[in-house]
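Data block below; observations after.
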Amino acid sequence: MAKRKVLLVDDSISTARQLQKIIEDSGEFEVVGHAKNGVEGIKLYTEKKPDIVCMDLVMPVMDGLQAIRSIINLDGNARIVVISSVGGVGENVTEALKFGARNIITKPFDAAKVIEMLRAI
């Protein structure tokens with residue numbers, strides 16, 4: 001079975017690396033790109049056509065909320081999961097879900113929960 005493609009959009013390289021390791025160690029998913037802001041995320045989304053996007057909300061240039069809105073406008077079936085610190089940005093998370101994000105992965109990451117969540121969307 002083909003691995004599902006995941007795009008990471010997070011300005012933190014260490015967070016992205018940590019998430020990439022969890023995702024790729026599962027053997028079910030492969031990370032096809034890493035964008036450091038919303039603008040890069042939208043560009044990579046159109047180029048790589050990932051199955052799932054893991055989107056941070058707080059980033060320079062364009063934040064995650066704007067990027068989620070843009071990606072959903074491009075592709076109403078986009079599967080986007082928000083990456084958020086626990087209790088970090090509650091209101092923004094609610095907004096992200098309103099805009100079309102499917103779920104939230106909280107930091108610090110629990111590998112089993114991350115994979116379970118990606119499988120579910």
Side-chain angles (χ1 to χ4, degrees):
M1 196 171 85
K3 292 181 182 182
R4 291 172 73 197
K5 299 184 289 188
V6 181
L7 172 64
L8 304 179
V9 185
D10 195 320
D11 60 324
S12 163
I13 303 240
S14 61
T15 298
R17 279 207 186 116
Q18 194 183 358
L19 201 50
Q20 181 167 357
K21 183 172 176 11
I22 291 169
I23 290 168
E24 293 194 335
D25 283 356
S26 75
E28 294 174 47
F29 304 92
E30 67 173 317
V31 174
V32 294
H34 171 218
K36 294 173 191 67
N37 62 57
V39 174
E40 285 180 19
I42 294 163
K43 185 173 181 287
L44 281 176
Y45 185 84
T46 56
E47 287 171 13
K48 305 282 186 185
K49 309 217 178 324
D51 300 303
I52 302 167
V53 180
C54 294
M55 177 80 68
D56 188 18
L57 291 181
V58 183
M59 296 178 289
V61 188
M62 179 192 278
D63 69 22
L65 286 177
Q66 289 174 289
I68 289 169
R69 214 177 313 174
S70 298
I71 289 172
I72 294 291
N73 282 338
L74 288 170
D75 176 3
N77 297 317
R79 293 182 168 94
I80 302 172
V81 179
V82 171
I83 305 168
S84 176
S85 306
V86 179
V89 277
E91 202 173 292
N92 285 348
V93 167
T94 309
E95 285 289 292
L97 292 170
K98 256 190 244 164
F99 292 151
R102 307 279 178 106
N103 218 325
I104 293 115
I105 296 175
T106 51
K107 302 177 210 171
F109 300 124
D110 171 329
K113 275 193 184 135
V114 168
I115 297 307
E116 196 178 300
M117 209 172 279
L118 294 180
R119 278 186 193 135
I121 64 166

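Everything numeric in this text was worked out from a predicted model, so none of it was measured.
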Exercise. Going by heavy atoms in the side chains, are Phe109 and Lys107 under 4.5 Å from each other?
Worked result: yes
For this session: Taking all non-hydrogen atoms of both residues into account, name the closest pair between Leu57 and Ala96 and its distance.
Result: CD2-CB, 4.2 Å
For this session: Could you check Lys98 against Glu95 for salt bridge (charged side-chain N to carboxylate O under 4.0 Å, His left out), going step by step and ending with a plain yes or no?
Result: CA-CA 5 Å; Lys98 256 190 244 164; Glu95 285 289 292; 3.1 Å; yes
Problem set entry | Results of side-chain hydrogen bond (donor to acceptor under 3.5 Å, both in side chains) for Thr46 - residues two or more places apart only | none
Exercise. What do the steps show when you test Val32 against Glu30 for side-chain contact (heavy atoms from CB on, under 4.5 Å), and what is the final call?
Worked result: CA-CA 6 Å; Val32 294; Glu30 67 173 317; 4.1 Å; yes
Seminar exercise, completed: Rounded to the nearest 0.5 angstrom, the CG-CD distance for Asp11 and Glu40 is 10.0 Å
Exercise. Under a 4.5 Å side-chain heavy-atom rule over Ile, Leu, Val, Met, Phe, Trp and Tyr, are Leu65 and Val39 clustered together?
Worked result: yes
Exercise. What pair of heavy atoms forms the shortest contact from Pro50 to Leu7, and how long is it?
Worked result: CG-CB, 3.7 Å
Exercise. Taking all non-hydrogen atoms of both residues, which atom of Gly38 and which atom of Ala67 are closest, and how far apart?
Worked result: CA-CB, 3.7 Å
Problem set entry | Heavy-atom pair of closest approach, residues Gly41 and Ala35 | N-CB, 3.3 Å
Problem set entry | Joint hydrophobic cluster, Ile71 plus Phe99, side-chain heavy atoms closer than 4.5 Å | yes
For this session: Give a yes or no answer on whether the side chain of Gln66 reaches the backbone of Met62 with a donor-acceptor pair at less than 3.5 Å.
Result: no
Exercise. For Ile13, which fellow cluster members are found when Ile, Leu, Val, Met, Phe, Trp and Tyr are connected by side-chain heavy-atom distances below 4.5 angstrom, either directly or through intermediates?
Worked result: none
Exercise. Are Leu8 and Ile52 co-members of a hydrophobic cluster defined by side-chain heavy atoms under 4.5 Å apart?
Worked result: yes
Listed pairs under 3.5 Å, donor-acceptor, residues 113-121 side chains, sequence neighbours left out:
residue	atom	partner	partner atom	Å
Arg119	NE	Glu28	OE1	2.9
Arg119	NE	Glu28	OE2	2.9
Arg119	NH2	Glu28	OE2	2.5

Exercise. Honestly curious: do Ile42 and Met59 fall in one hydrophobic cluster under the side-chain, below-4.5 Å linking rule?
Worked result: yes
Problem set entry | Backbone N/O of Lys5 and side chain of Asp51: donor-acceptor pair under 3.5 Å | yes
For this session: For the residue pair Leu97 and Ile104, establish whether any side-chain heavy-atom pair is separated by less than 4.5 Å.
Result: yes
Problem set entry | Nearest heavy-atom neighbours spanning Cys54 and Val6 | SG-CG1, 3.9 Å
Exercise. If you group Ile, Leu, Val, Met, Phe, Trp and Tyr by side-chain heavy-atom gaps below 4.5 Å, do Ile80 and Phe29 land in one group?
Worked result: no
Problem set entry | Shortest non-hydrogen separation from Asp10 to His34 and the atoms involved | O-NE2, 2.8 Å
